[in-house]
Every structure is written in structure tokens, then in C-alpha cells.
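Written below as C-alpha cells is the structure these notes are about.
In what follows, every heavy atom counts, from backbone to side chain, and hydrogens, waters and symmetry copies are set aside. First the proteins, then the strands, lettered A, B, ... as listed; each starts at 1.
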2 protein chains.
Amino acid sequence: MNLQEAINVLKEKGYKTTGKRKDILEFFSSKDGYRPAKDLIAHLEKKYGAISFDTIYRNLHLYHDLGILEKTDLEGEKHFRLSCSHHHHHHFICRDCGKTKEIEVCPMDTALAELTNYEIDDHKFEIYGRCPSCLNA
Amino acid sequence: MNLQEAINVLKEKGYKTTGKRKDILEFFSSKDGYRPAKDLIAHLEKKYGAISFDTIYRNLHLYHDLGILEKTDLEGEKHFRLSCSHHHHHHFICRDCGKTKEIEVCPMDTALAELTNYEIDDHKFEIYGRCPSCLNA
DNA sequence: CATAAAAGTCGTAATCATTCCTATTTACAA
DNA sequence: TTGTAAATAGGAATGATTACGACTTTTATG
């Protein structure tokens with residue numbers, strides 16, 4: 001999903017497109033990895049001097065509910081990135097820079113065979129480590 | 001890993017086996033799912049009336065470092081369970097009762113082919129939902 | 001046993017991410 | 001342009017976790 005698509009989703013659903021909402025989307029569309037709220041706060045404070053936590057977290061949740069942002073829990077902090085909605089896949093996540101690489105393999109189809117009579121809501125397959133550019137630096 | 005094995009690991013590494021350390025291990029060996037610190041605190045308070053956070057978290061970290069406990073991040077809370085060290089596998093986790101079911105399939109071998117030049121430290125494959133007994137209740 | 005050093009624990013304060021609250025401001029439809 | 005529901009500000013509250021100095025227990029050793 002890109003910036004314009006995200007704004008369209010917002011408008012279609014009847015949400016207002018405020019300056020800060022656009023700023024938040026621009027922030028994530030300029031990154032290609034998972035980012036914690038604190039990075040977003042730091043970014044917006046450069047422009048506005050101060051920003052309400054409420055604005056940050058309300059919009060992060062809204063975007064997540066609308067499918068605009070993906071979320072993952074990394075060491076007690078929620079991290080977000082723009083959804084890559086084109087197809088189902090998982091991520092390698094660099095623990096230094098937060099950048100992600102798509103992993104095409106998904107083990108759910110075989111795993112489901114082991115889970116008859118279970119209700120499945122969600123699943124997570126993530127690989128952690130260091131990406132080539134962080135290894136060289 | 002069972003209670004006695006865990007105590008052995010503790011002794012082998014030169015750590016003292018105090019009453020509270022045994023209590024903590026007994027707590028986890030009596031459960032078969034991931035439990036948050038707050039459940040452990042509630043359990044120990046029944047016996048001791050009050051317990052220091054320091055004792056709880058210090059020992060949870062120690063056990064995790066020693067490989068006695070496995071850890072996962074669930075909605076901003078760290079959850080722990082006794083390691084099932086016999087072989088590599090993953091878990092289904094019930095979001096109601098916390099109980100887990102082992103999943104044998106692991107996609108890492110195929111995923112690694114997509115990650116040449118990456119340093120891989122860890123990976124997580126978890127399936128979330130509701131277990132049969134919670135579905136019936 | 002006695003005992004002392006090391007390791008563990010206590011009680012509480014501090015920290016950090018996140019949530020909550022009320023007053024004020026803003027986007028946008030009419 | 002204006003009315004109003006939605007959004008934001010500013011800061012207090014919450015909940016999990018970490019930190020710390022003082023005190024207590026475990027365990028090795030004589």
C-alpha cells in the first residue's frame with residue numbers, strides 16, 4: 001500500500017484527512033521497515049514541537065484497524081509498517097535498522113492439518129537477525 | 001523440561017536453589033501454557049502475602065537466559081512457559097486460557113534459501129486462536 | 001556446627017509505553 | 001459561511017517492567 005492508497009481508504013471510510021494524519025502516513029511510506037511509536041513521535045516533534053500521545057496512538061490504532069498499517073510486538077514495544085497488501089507473506093526483520101524483507105514461504109497450510117477442532121484467528125512467522133547492509137556497517 | 005531437570009540446571013550453573021526459585025519452577029511446571037508475570041505474582045502472593053517484583057523479574061530473566069523458560073510477547077506483556085527442549089517445534093497459543101499445542105512444521109529450512117547474506121538470530125512461528133476446550137466452554 | 005562471603009530478596013521508587021480525560025480546535029458537509 | 005461531529009492538545013493515570021540500597025539467606029569452608 002502506498003501513501004495515496006492509504007489516504008483513499010481513509011476518505012472512503014469517512015475519516016477526516018488532517019495534516020497530522022497525512023504526516024503519519026508520509027512517515028511510514030518513507031520507511032521500509034517496522035517502526036515504534038517513539039520514532040513517529042520524534043519525527044512529528046521536529047515539525048510541530050510537541051504532539052499529543054493521544055493523536056499518535058489513536059491514529060496508529062485507526063490505521064491498524066483499517067488495514068493500512070501492520071503491527072508486531074518487539075520486546076515490549078509495538079512496531080508498525082505500511083501494509084503490503086498485494087499478497088500473503090511474512091517478514092525477516094533486522095534488529096538493528098528495523099528494515100524488513102519479504103519471506104514467501106508460509107507454513108499455515110501444513111500447520112492447519114495439526115489443528116482440527118481449533119479456531120484459528122491469526123498467526124505470526126517472523127525471522128530476526130541482521131540485514132546485509134547492517135552487517136557491513 | 002521438568003521441575004527436577006530445571007533445578008539441576010540451576011545447580012550445575014552455580015545458582016542457589018532458594019525456596020522462591022523452586023516455587024517459581026513449580027508454578028510453571030504445573031501449567032501447560034504461556035503465563036504472564038502477573039499470574040506468577042498472584043500465585044506467590046497466596047503463599048507469601050507479598051513478593052518483590054525484583055525477585056519475580058530477576059528470576060524470570062535468569063530462567064530465560066538459562067533456557068529453562070521460553071518467552072513470548074503477547075499484547076505488550078511477556079509470557080513464559082517451561083522449555084520443551086526435546087526437539088524443535090512451535091506453538092499454537094490459546095488466547096483465552098494460554099494453553100499451547102505443539103506444531104511440528106517449521107518453515108525455516110525453506111525460508112533460509114530466501115535469506116542468503118543475512119545473519120539469522122532467531123525466528124518465531126506462532127498460531128493464535130481458541131483451543132477446543134475453550135470453544136466448548 | 002559456626003560463620004562469612006556471595007548471592008538472593010525486600011520494599012519502594014523510577015521508567016517507559018500506552019491509555020484515558022476534558023477542553024479546545026478543525027475539517028467538511030449543508 | 002457556518003454548525004457540528006470528529007480530531008487534537010495537554011497532561012494525568014495506568015500497567016508492566018526495571019532499578020537500587022538495605023537487609024536476609026544460602027552455601028562453601030574450617
Side-chain angles (χ1 to χ4, degrees), chain A residues 6-28 34-66 68-69 71-81 98, chain B residues 6-27 34-66 68-81 98:
Chain A
I7 293 176
N8 290 343
V9 170
L10 209 55
K11 287 189 172 161
E12 276 163 26
K13 303 278 183 174
Y15 291 96
K16 294 179 178 172
T17 56
T18 66
K20 271 154 197 166
R21 284 203 169 138
K22 278 185 234 165
D23 290 335
I24 293 172
L25 292 174
E26 275 161 17
F27 172 79
F28 283 109
Y34 280 99
R35 297 289 156 185
K38 76 157 93 83
D39 283 13
L40 175 60
I41 292 170
H43 175 77
L44 291 179
E45 282 182 343
K46 270 187 261 168
K47 181 168 178 182
Y48 293 102
I51 192 94
S52 172
F53 292 136
D54 209 350
T55 303
I56 299 288
Y57 287 104
R58 184 168 21 75
N59 286 316
L60 287 176
H61 291 162
L62 173 65
Y63 288 152
H64 182 244
D65 291 346
L66 293 179
I68 292 171
L69 292 181
K71 180 176 74 171
T72 192
D73 243 316
L74 297 174
E75 6 210 311
E77 231 181 346
K78 279 153 198 152
H79 288 58
F80 298 85
R81 57 161 293 139
Chain B
I7 292 176
N8 290 344
V9 171
L10 209 53
K11 287 189 174 163
E12 277 163 26
K13 303 278 184 174
Y15 291 96
K16 295 181 177 171
T17 55
T18 67
K20 271 153 195 163
R21 284 203 169 139
K22 278 185 232 162
D23 290 335
I24 293 173
L25 292 174
E26 275 161 17
F27 171 79
Y34 280 99
R35 298 289 156 185
K38 77 157 94 80
D39 283 12
L40 175 60
I41 291 170
H43 174 78
L44 291 179
E45 283 183 341
K46 271 187 258 168
K47 180 168 179 182
Y48 294 102
I51 192 94
S52 170
F53 292 135
D54 206 352
T55 303
I56 299 288
Y57 288 104
R58 184 169 19 75
N59 286 316
L60 287 176
H61 292 162
L62 173 66
Y63 287 152
H64 182 244
D65 291 346
L66 293 178
I68 291 171
L69 292 181
E70 293 176 37
K71 180 176 74 169
T72 192
D73 245 315
L74 295 174
E75 7 211 310
E77 229 181 348
K78 279 153 197 152
H79 288 59
F80 298 85
R81 57 161 293 139

Rounded interatomic separation in angstrom, taking [atom1] from [X] and [atom2] from [N]:
| X | N | atom1 | atom2 | answer |
| --- | --- | --- | --- | --- |
| B:E77 | C:dT19 | CD | P | 13 Å |
| B:Y34 | D:dA16 | OH | P | 20 Å |
| B:I56 | D:dA19 | CD1 | P | 17 Å |
| B:K38 | D:dT14 | NZ | C1' | 12 Å |
| B:L74 | D:dA16 | CG | P | 14 Å |
| B:D39 | D:dG15 | CG | P | 15 Å |
| A:H64 | C:dT19 | NE2 | P | 12 Å |
| A:K13 | C:dC28 | NZ | P | 18 Å |

For [N] and [X] - does any side-chain N or O of the residue sit under 4.0 Å from the phosphate oxygens OP1/OP2?
| X | N | result |
| --- | --- | --- |
| A:K78 | C:dA17 | no |
| B:H61 | D:dT17 | no |
| A:Y57 | C:dT19 | no |

* Structure fact -> Residues pairing under side chain to side chain donor-acceptor pair (under 3.5 Å) where one sits in residues 34-48 of chain B, two or more places apart or in two chains, turn out to be B:D23-B:K47, B:D23-B:Y48, B:Y34-B:E70, B:K38-B:E77
Nearest 0.5 Å, please: how far is [atom2] in [Y] from [atom1] in [X]?
| X | Y | atom1 | atom2 | value |
| --- | --- | --- | --- | --- |
| A:R81 | A:L69 | CZ | CG | 10.0 Å |
| B:Y57 | B:D54 | OH | CG | 11.0 Å |
| A:D73 | B:K78 | CG | NZ | 9.5 Å |
| A:D65 | A:K71 | CG | NZ | 8.5 Å |

Min side-chain heavy-atom separation [X]-[Y] under 4.5 Å:
| X | Y | result |
| --- | --- | --- |
| A:I51 | A:I41 | yes |
| A:I56 | A:L44 | yes |
| A:F28 | A:L40 | yes |

* Asked: To the nearest 10 degrees, how far apart in direction are the end axes of the helix from C:dC1-D:dG30 to C:dA30-D:dT1, each fit to five base pairs?
  ->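 Result, rounded to 10 degrees: 30°.
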* Answer yes or no: does atom CZ of A:F53 have more than 12 heavy-atom neighbours from other residues, nucleotides or ligands under 6.0 Å? =>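 Count not over threshold, so no.
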* Under the side-chain contact (heavy atoms from CB on, under 4.5 Å) rule, what do B:V9 and B:Y63 come out as? Steps first, then yes or no, please. => CA-CA 10 Å; B:V9 171; B:Y63 287 152; over 6 Å; no
Side-chain donor/acceptor pairs under 3.5 Å, residues 12-21 of chain A, sequence neighbours excluded:
| unit_1 | atom_1 | unit_2 | atom_2 | d |
| --- | --- | --- | --- | --- |
| A:T18 | OG1 | A:R21 | N | 3.2 |
| A:R21 | NE | A:N59 | OD1 | 2.8 |
| A:R21 | NH1 | A:K16 | O | 2.8 |
| A:R21 | NH2 | A:N59 | OD1 | 3.3 |

* To do: Between B:K11 and A:F53, just flag the one whose closest nucleotide in DNA chain D comes earlier from the 5' side.
  =>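 Result of the comparison: A:F53.
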* Close approaches to DNA chain C from residues 41-49 of chain A, in residue order (heavy atom, under 4.0 Å) -> none
With the criterion being N/O to N/O and under 3.5 Å, what pairs connect the protein with nucleotides 5-9 of chain C, and how long is each?
| unit_1 | atom_1 | unit_2 | atom_2 | d |
| --- | --- | --- | --- | --- |
| C:dA6 | N3 | B:K16 | NZ | 3.0 |
| C:dA7 | O4' | B:K16 | NZ | 3.0 |
| C:dG8 | OP1 | B:K16 | N | 3.4 |
| C:dG8 | OP1 | B:R21 | NH1 | 2.4 |
| C:dG8 | OP1 | B:R21 | NH2 | 3.0 |
| C:dT9 | OP1 | B:T18 | OG1 | 2.7 |
| C:dT9 | OP2 | B:R58 | NH1 | 2.7 |
| C:dT9 | OP2 | B:N59 | ND2 | 3.1 |
| C:dT9 | O3' | B:K20 | NZ | 3.3 |

